[in-house]
Amino acid sequence: MKYFSTRDAEKKSFDSAVVIKKGLASDGGLFVPDSLPSLTREDIEKLCGLSYPERAATVLSKYLTDYTYDELLADCEKAYCESSFPGGAAPLRKVTDTLYSLELWHGPTAAFKDMALQIMPRLLSRALTKTGEKNTALILVATSGDTGKAALEGYKDVDGVKIMVFYPISGVSKVQKLQMVTQTGNNVNVCAIEGNFDDAQSGVKKIFSDEDAKKILLENSYILSSANSINWGRLAPQIVYYVSAYCDMLNSGEVTYGETVNVCVPTGNFGNIFAAYLAKLMGLPIGKLICASNDNNVLTEFLSSGTYNRNRTFHTTISPSMDILISSNLERLLYFTAGSEKTATYMKQLSENGAYTVSEEIMSVISENFDGYFADETSTRKTLKHFYDDYGYLADTHTSVALDCAEQYISKTGDTRKMIVASTASPYKFAADVYEAIAHKKASADTGALDDLSALTNTEITYPLKGLAERKVNFDTVIPSEDMLKEVYKFM
């Protein structure tokens with residue numbers, strides 16, 4: 001299977017190892033496969049009898065054809081082992097008669113990013129070997145909270161790799177910040193920027209497209225790569241857990257083969273829900289994909305109007321990983337529905353004017369598959385308490401956004417098909433806000449909220465977060481966003 005840029009009408013092709021190493025295409029576009037593999041009934045029934053690592057290796061082998069199945073299986077078994085994912089990866093929990101929570105946060109950093117970022121460093125390490133790369137891969141990451149820690153944990157002390165993470169100083173939770181600034185490893189660096197996530201993401205993209213910077217890096221034996229979901233090696237593993245969830249529903253008798261299920265995903269950058277869309281295109285019986293947003297509802301507006309407009313007030317919310325106005329992976333959806341030429345035009349308009357509008361024909365195709373809803377801060381808190389009080393289900397703030405949007409969709413459409421809701425973080429990553437929503441009072445300062453939430457709900461603090469306040473702070477640099485390249489040179 002070959003890959004090419006979303007913006008390249010000539011479709012210059014690359015192997016998967018090359019695109020995983022490169023991260024972002026030279027023209028600023030995102031890599032997409034030249035075709036989509038299929039999932040037949042026979043494939044899915046076979047997957048039902050396999051472990052999660054075996055399911056992952058099987059699905060990935062359909063996309064990463066220059067990797068052998070044995071290589072992928074070895075990496076998946078290490079990535080999704082019991083020590084990293086106690087009790088197993090991506091368990092599916094029934095919450096109501098129709099809602100099922102796909103808990104993606106049982107890994108080493110308590111966020112769904114672990115599902116991709118435990119396997120991705122292994123894929124990159126093999127990619128460097130397969131492509132004969134002798135230079136050090138410098139991973140640059142912009143994070144709204146979870147990707148940063150998951151990438152740091154996945155790449156720490158990996159041979160041939162250094163990683164640098166940028167995060168918005170006031171745009172992450174206290175727990176997320178502590179997870180990053182206490183990171184250990186001989187090849188890692190963490191830096192806060194003055195600004196929001198979009199500033200960090202734009203800064204990283206600017207560095208990737210800076211030919212002079214890449215020349216200087218190469219002269220010093222470095223090449224750039226990315227761990228954000230703009231990198232295909234990060235996105236492909238996310239397809240797996242939707243396939244696995246359907247297999248689990250078949251195994252438990254919750255559905256019969258061919259019965260379609262809906263999927264609701266809380267998303268800001270559109271990568272997690274786009275992975276579900278790819279699973280649907282492959283043949284997984286998925287009906288509607290519900291895109292759940294918070295007050296930064298740029299995606300909701302796009303899905304209802306066909307206009308994407310980032311020129312709006314940026315809101316800092318209690319679901320900070322979704323505080324995004326530039327949804328990078330939406331570009332891949334545009335490619336699949338509009339083609340490379342129109343996608344390049346839309347991205348140029350977004351860069352120059354901050355907005356673009358797609359045709360009614362394109363929106364018709366998108367609307368067949370997607371619907372969008374958003375939950376404001378009040379609704380997020382009410383839904384969090386509602387699901388805890390009425391169903392005994394303790395969710396984090398992002399999952400609460402998705403649960404609220406799932407109920408909105410059901411109420412509006414009357415669609416009662418069973419629905420998989422992506423649960424993207426442990427409630428303990430946002431313990432202060434979760435506690436306040438349930439108890440209607442403030443939690444103790446800083447990480448004391450972890451203990452407060454545990455005592456209130458009689459649940460255990462998620463294992464990666466225990467003792468967080470006692471860890472040594474290793475990174476305290478704060479810079480203006482325009483100084484990001486200078487900081488990269490210092491790290492280099």
Side-chain angles (χ1 to χ4, degrees), residues 93-96 99-106 109-112 144-146 170-179 264-268 290 292-297 300 314-324 373-411 419 421-462 464-466 468-469:
R93 179 173 169 182
K94 187 173 183 177
V95 180
T96 72
L99 296 180
Y100 297 76
S101 178
L102 178 57
E103 295 185 340
L104 303 171
W105 45 265
H106 290 276
T109 74
F112 84 98
S144 53
D146 288 336
S170 298
V172 299
S173 75
K174 291 176 180 178
V175 169
Q176 288 174 314
K177 179 181 176 180
L178 272 174
Q179 282 188 293
C264 182
V265 184
T267 186
I290 295 94
S293 301
N294 61 18
D295 273 329
N296 294 293
N297 60 334
T300 307
F314 179 87
H315 299 282
T316 300
T317 73
I318 60 173
S319 47
S321 297
M322 299 160 65
D323 290 348
I324 297 171
Y373 295 83
F374 79 98
D376 61 20
E377 298 287 84
T378 299
S379 296
T380 301
R381 291 187 175 94
K382 285 182 177 179
T383 300
L384 207 156
K385 181 171 176 57
H386 156 51
F387 272 84
Y388 179 72
D389 288 348
D390 295 347
Y391 303 111
Y393 189 73
L394 185 62
D396 86 295
T397 48
H398 303 75
T399 305
S400 181
V401 168
L403 291 168
D404 184 89
C405 292
E407 291 196 321
Q408 286 186 57
Y409 170 81
I410 293 168
S411 176
M419 185 183 296
V421 177
S423 178
T424 54
S426 162
Y428 282 95
K429 290 206 78 165
F430 306 93
D433 290 309
V434 173
Y435 178 87
E436 184 177 348
I438 295 174
H440 291 307
K441 62 180 180 180
K442 295 283 186 181
S444 303
D446 299 332
T447 55
L450 296 167
D451 293 323
D452 289 348
L453 184 61
S454 179
L456 176 68
T457 62
N458 196 29
T459 57
E460 287 192 19
I461 299 172
T462 311
L465 305 179
K466 291 180 179 178
L468 186 59

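Start at 1 with the first residue, then count along the sequence.
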If you round to the nearest 0.5 Å, how far is [atom2] of [Y] from [atom1] of [X]?
X: Glu377; Y: Thr397; atom1: CD; atom2: OG1; value: 8.5 Å
X: Gln408; Y: Thr383; atom1: CD; atom2: OG1; value: 8.0 Å
X: Asp433; Y: Leu453; atom1: CG; atom2: CG; value: 11.0 Å
X: Lys94; Y: Leu99; atom1: NZ; atom2: CG; value: 10.5 Å
X: Ile461; Y: Ser426; atom1: CD1; atom2: OG; value: 9.5 Å
X: Thr447; Y: Asp452; atom1: OG1; atom2: CG; value: 10.0 Å

Got a donor-acceptor contact below 3.5 angstrom from the Ser173 side chain to the Lys429 backbone? yes
What residues, two or more places apart in sequence or in another chain, satisfy salt bridge (charged side-chain N to carboxylate O under 4.0 Å, His left out) together with Asp389? Lys385
Sorted by chain and number, sequence neighbours left out, salt bridge (charged side-chain N to carboxylate O under 4.0 Å, His left out) with Glu103 holds for none
Quick check: closest heavy atoms across [X] and [Y], and the distance to 0.1 Å?
X: Cys405; Y: Ala375; answer: SG-N, 4.0 Å
X: Asp396; Y: Ala425; answer: OD1-O, 3.3 Å
X: Ser400; Y: Leu384; answer: OG-N, 3.1 Å
X: Ala432; Y: Ala443; answer: CA-CB, 4.2 Å
X: Met322; Y: Thr267; answer: CE-N, 3.7 Å
X: Ile318; Y: Arg381; answer: CG2-NH2, 3.5 Å

Going by the rule side chain to side chain donor-acceptor pair (under 3.5 Å), which residues pair with [X] if we only count those two or more places apart in sequence or in a different chain?
X: Asp376; answer: Ser379
X: Ser293; answer: Thr300
X: Ser170; answer: none

Evaluate whether atom NZ of Lys382 has more than 12 neighbouring non-hydrogen atoms of other residues, nucleotides or ligands under 6.0 angstrom away. no
Is it true that the side chains of Thr317 and Asn294 contain a donor and an acceptor less than 3.5 Å apart? yes
Under a plain distance cut-off of 3.5 Å, with no hydrogens placed, do Thr399 and Ser423 share a side-chain donor-acceptor pair? yes
Side-chain contact test, heavy atoms from C-beta onward, threshold under 4.5 Å: evaluate it for [X] versus [Y] and give yes or no.
X: Met419; Y: Ile290; value: yes
X: Tyr435; Y: Lys442; value: no
X: Phe374; Y: Asp295; value: yes
X: Val421; Y: Val95; value: no
X: Lys174; Y: Leu178; value: no
X: Leu465; Y: Val175; value: yes
X: Tyr393; Y: Ser101; value: yes
X: Asp146; Y: Thr109; value: no

Parallel, tilted or perpendicular for Phe430 and His398, by the 30°/60° rule? tilted
With side chain to side chain contact (heavy atoms under 4.5 Å, CB included) as the test, would you mind laying out the steps for Tyr373 and Asp404 before giving the verdict? CA-CA 9 Å; Tyr373 295 83; Asp404 184 89; over 6 Å; no
For Thr316, the side chain to side chain contact (heavy atoms under 4.5 Å, CB included) test, sequence neighbours excluded, returns Phe314, Asp323
Full working for side-chain hydrogen bond (donor to acceptor under 3.5 Å, both in side chains) between Tyr428 and Thr459: CA-CA 10 Å; Tyr428 282 95; Thr459 57; 2.6 Å; yes
If you apply the rule side chain to side chain contact (heavy atoms under 4.5 Å, CB included), what do you find for Ser444 with Asp451, and how did you get there? CA-CA 9 Å; Ser444 303; Asp451 293 323; over 6 Å; no
